[in-house]
Amino acid sequence: MLETALSELESRGVSLLESAHDASALEDARVEILGRKGALANAGKDLAKLPVEEKAKAGKLLNAAKQLLESIYERRKAEFEKAALDARLAAEWLDLTLPAPGPKPGSLHPLTQIQQELEDLFTSLGFAVVDGPEVETEWHNFDALNIPATHPARDMQDTFWVEGGYVLRTHTSPVQVRAMEKFGPPLKMIAPGRVFRNEEVDASHEHTFYQLEGMMIDRDVSVAHMLYFMKSLLKHIFGREVTVRLRPGYFPFVEPAFELDIQCLICGGSGCPVCKQSGWVELLPCGLVHPNVLRFSGIDPEEWNGFAFGLGLTRLVMMRYGIDDIRHLAGGDLRFLNQF
Ligand code: PHE
């Protein structure tokens, strides 16, 4: 009687333990069969009630069943533990031979990038890249450019005056004069650099910004030469045709003077804060060098003439990359700069 019960219990236990599909199902099976209040423990209690002569035989059977079931349990438990360990090792695998990532390489500021591209272009066209001081004499910044102290054109550029009659240069044009003084004609040069004006700062105005001056002095230089170089410049930077317009301008150091505007690439011409709602952005003021400027710089205007332009480098960067606020360029914010 008990023997049949024991052999049924044994086969139920085997199938429960063998069919457990994960560690927690196995634990449930263990509690049910091998636990302190489980099936085997109950069978042990029944066994205690048997007469002595049957007890010994049934006891052996019970022990054998218990050993079998415990060994199955131990084997299955080890299987699940190994599987769990394998999964963890696969997930946490670490390749110690990989090179360390190290610090990220930096990149050049967008202004520097465009400046270098233009330096490459103009040197390939035979222009020298020259430099001048940021703290300039009044003579180079104004007088030699045909803007005497009494001239109303001085008010066009809100100037930071420095003690001793010096100024923070308001444009890169004084480098024209310095280059002509130093090298004489013929001359082809560009002068990129930082300039300063006492401006109210907003989306399109900064007190500190960048220009790129260009100048060519030779015999019989014409407006056609000037347009050729300016168009090459725009094509090089934008890689496509941009809509431009040329209109008369006024600068005392060139005659005739022009303003070359490009259609605003931020808004496509419909009007935005960068183009002051006009759809156009002043980018390339230019003209033929005024005879007085040649004379002031020691060059004979009867023999030589030339053109000059003053590219707004900061504006050019804004147009090329679609930057809608000039303050991003000086902010030093890496979320902005990392994009270039
Ligand atoms: N220097 C002028 C400015 O800053 C620009 C300019 C340069 C105009 C050369 C004509 C020729 O506004």
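Read the numbers this way: they start at 1 and go in the same order the structure lists the ligands and their atoms. What you see below is based on every heavy atom in this structure, not just the backbone, and it leaves out hydrogens, waters and symmetry mates.
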Please determine whether the number of non-hydrogen atoms from other residues, nucleotides or ligands lying under 6.0 Å from atom CZ of R247 exceeds 12.
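Enclosed: over 12 neighbouring heavy atoms sit under 6.0 Å from CZ of R247.
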Interatomic spacing from CD in E199 to CZ in F160 - rounded to 0.5 Å
8.5 Å
Ligand 1: which protein N/O atoms lie under 3.5 Å from its N/O atoms?
from	atom 1	to	atom 2	distance (Å)
ligand 1	1 (N)	H171	ND1	2.9
ligand 1	1 (N)	S173	OG	2.8
ligand 1	4 (O)	R197	NH2	2.9
ligand 1	4 (O)	Q211	NE2	3.0

On the 0 to 90° scale, with breaks at 30° and 60°, tag the H171-F253 ring pair as parallel, tilted or perpendicular.
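Perpendicular: the ring planes of H171 and F253 meet at over 60°.
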What pairs of donor and acceptor atoms, side-chain ones from residues 294-302 against any protein atom, are under 3.5 angstrom apart with sequence neighbours left out?
from	atom 1	to	atom 2	distance (Å)
R295	NH1	N292	OD1	2.8
S297	OG	V293	O	2.8
D300	OD1	E302	N	2.8

Could you walk me through whether Q113 and E117 pass side chain to side chain donor-acceptor pair (under 3.5 Å), step by step?
CA-CA 6 Å; Q113 290 184 28; E117 281 174 41; over 6 Å; no
Centres of the F258 and F309 rings: under 6.0 Å?
no
